Amino acid sequence: MTILEADEHYIWHPYTQHKTAAPPIAIARGEGALLWDTDGNQYIDAIASWWVNPFGHSNKFIADAIYKQLTTLEHVLFGGFTHEPAVNVALALKKILPANQQKFFFSDNGSTAVEVAIKVALQSFYNKGEKRPTIVAFENAFHGDTFAAMAASGISFYTQAFEGMFIDVVRIPVPVTGYEQVSYDALKNVLQNQQVAAFIFEPLVQGAAGMVMYEADALDQLMRLCKQNRVLTIADEVMTGFGKTGRNFACDYLGEQPDMMCLSKALTGGTIPMAITTFTQELFDGFYSDDINKALFHGHTFTANPTGCAAAIASIELLLTDEMQRNIERISRRHKQFESEMKAHPKVASTRTLGVIFALDVASSENETYYGNMRTKMYNYFIANGVIMRPVGNIIYILPPYIMTDRQLDAVYQVIRDVLEIV
Ligand SMILES: *Cc1c(COP(=O)(O)O)cnc(C)c1O
């Protein structure tokens with residue numbers, strides 16, 4: 001059996017309708033921003049493999065750190081035990097996170113990071129004997145595919161089969177330009193009428209919605225309203241974290257600081273699945289008690305896996321190098337130039353960019369659905385031309401690894417120009 005035959009027989013892929021989907025591409029190797037399939041075709045990875053890989057594929061510095069850790073201590077249980085790599089991840093994050101983030105809880109992926117944050121929010125009120133069962137989230141949010149994370153997500157085909165089985169979530173409009181007041185009033189209304197525990201949001205950029213962007217000022221106002229009502233704020237930085245927005249975290253653009261943050265994706269440079277939920281001291285103190293029932297009874301078998309921790313420490317070190325910071329600035333600058341060109345393009349309805357993230361909406365008379373025809377046509381064109389991008393409906397976005405060269409970036413911009421000629 002070939003790889004593709006075996007795959008077709010045995011493998012169930014994510015977000016895939018197997019009856020109608022094209023066969024997957026078997027990737028054999030990666031280096032920097034490039035990937036090669038088993039036939040030797042080359043692809044530019046313009047979305048950092050679902051936003052996880054800022055430093056390039058098969059990164060030697062991270063690989064060496066992983067190897068060293070694997071041959072020293074590959075794993076140990078984290079209940080009743082600890083280890084230097086976990087402590088060092090906490091210390092490294094402490095230096096770059098908003099100053100109020102003091103406690104670090106490890107898990108395995110973005111969804112579990114969100115799951116932990118929501119459970120902590122709900123239990124922190126329970127521990128005080130206060131009943132607050134409701135979570136507020138944005139429309140078209142994406143917070144993951146496990147149950148509480150899915151409940152907080154508002155992209156319908158991810159969640160429609162499970163409607164009616166969720167925890168209580170109220171959705172408010174995103175404060176994109178022109179809708180700041182609508183969003184603010186909606187939140188105010190919910191806080192007045194419901195017992196809200198927490199407000200969860202993707203700060204400044206909603207990734208899965210198609211890189212929808214809104215201003216820090218608007219979010220600051222919503223967060224202030226939450227603080228006035230003793231409602232906890234959860235910044236889901238699973239996508240935006242570690243430099244994507246041009247600063248280490250999207251929260252670095254805010255005046256307010258969130259009560260909790262969710263980190264994953266680029267945390268380990270796209271090598272080993274790991275996530276961290278971070279908390280204020282005050283939240284931690286709400287679980288600190290002589291009463292065992294007030295503890296957080298949540299954990300995963302591979303919590304704080306030392307190998308993942310070693311990858312995270314190496315990744316944070318790489319992120320903070322002058323070279324990587326210059327790369328982020330270079331890509332941000334180039335995106336801005338490309339944006340001014342695309343703004344004037346007759347087939348482009350709108351554009352936006354922040355840090356290494358660039359997105360445009362292709363003008364369309366029809367309401368393009370998430371996995372609709374235009375999306376498929378553009379996706380196939382990009383792949384046929386050796387560039388991996390996954391349009392969302394009529395939205396094309398780029399989120400390159402920071403180490404992508406100017407020539408590779410030029411090639412990505414060019415296939416976008418070209419695809420606009422055929423849609
Ligand atoms: C990807 C993503 C998640 C879910 O992460 P997984 O690792 O896929 O479970 C949660 N929140 C945001 C903002 C994301 O982009």
Side-chain angles (χ1 to χ4, degrees), residues 12-16 47-54 105-121 135-155 157-159 162 166-167 169 171 174 198-214 219 233-245 248-251 253-254 258 260-278 298 300 302-303 305 308 311-312 315 354-357 359 370 389-390 392 395 397-400:
W12 197 339
H13 284 265
Y15 309 119
T16 301
I47 55 167
S49 284
W50 268 343
W51 325 334
V52 299
N53 191 312
F105 191 95
F106 290 84
S107 65
D108 306 334
N109 57 67
S111 304
T112 55
V114 168
E115 211 72 25
V116 170
I118 290 176
K119 284 176 73 173
V120 164
I135 304 292
V136 175
F138 279 139
E139 285 166 2
N140 286 317
F142 182 73
H143 296 293
D145 290 336
T146 55
F147 246 84
M150 184 169 58
S153 300
I155 299 174
F157 59 74
Y158 285 110
T159 57
F162 311 101
F166 291 136
I167 58 164
V169 175
R171 236 164 273 295
V174 188
F199 167 41
I200 184 167
F201 49 85
E202 295 156 272
L204 308 194
V205 189
Q206 290 187 298
M211 304 297 159
V212 171
M213 297 185 189
Y214 60 94
L219 183 54
T233 50
I234 305 170
D236 177 356
E237 294 238 21
V238 169
M239 190 283 284
T240 49
F242 304 102
K244 309 252 181 62
T245 63
N248 289 336
F249 299 97
C251 284
Y253 288 92
L254 300 173
M260 302 179 229
M261 292 173 73
C262 304
L263 309 173
S264 187
K265 291 208 165 110
L267 171 63
T268 61
T271 57
I272 291 180
M274 197 169 87
I276 299 180
T277 315
T278 71
H298 185 102
H300 298 279
F302 278 100
T303 294
N305 171 254
S315 296
L354 182 67
V356 305
I357 306 166
Y370 210 88
M389 278 191 280
R390 286 175 64 95
V392 175
I395 299 165
Y397 75 85
I398 317 173
L399 200 166

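Note that this is a predicted model, so its numbers are computed, not measured. Each ligand, and each atom within it, is numbered from 1 in the order the structure gives.
- Here the side chains of V205 and K244 are not in contact, with every heavy-atom distance at 4.5 Å or above.
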Start with the C-alpha distance between E237 and T240, add both sets of side-chain angles, then the distance that settles side-chain hydrogen bond (donor to acceptor under 3.5 Å, both in side chains), and finish with yes or no.
CA-CA 5 Å; E237 294 238 21; T240 49; 2.9 Å; yes

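- Judged purely by atom type and a 3.5 angstrom limit, Q206 uses its side chain to pair as donor or acceptor with the backbone of E139.
- Looking at T245, its side chain never comes within 3.5 Å of a backbone N or O of L354 through a donor-acceptor pair.
- Under the 6.0 Å cut-off for aromatic ring centres, F201 and Y214 do not qualify, their centroids lying 6.0 Å or more apart.
- Side chain of S264 to main chain of M274: a donor-acceptor pair is present (N/O by atom type, distance under 3.5 Å, no hydrogens or angles).
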Short N or O contacts of ligand 1 with protein, under 3.5 Å, listed by atom name?
| residue | atom | partner | partner atom | Å |
| --- | --- | --- | --- | --- |
| ligand 1 | 5 (O) | G110 | N | 3.4 |
| ligand 1 | 7 (O) | G110 | N | 2.9 |
| ligand 1 | 9 (O) | N109 | OD1 | 3.3 |
| ligand 1 | 9 (O) | S111 | N | 2.9 |
| ligand 1 | 9 (O) | S111 | OG | 2.6 |
| ligand 1 | 11 (N) | D236 | OD1 | 3.3 |
| ligand 1 | 11 (N) | D236 | OD2 | 2.7 |
| ligand 1 | 15 (O) | K265 | NZ | 2.7 |

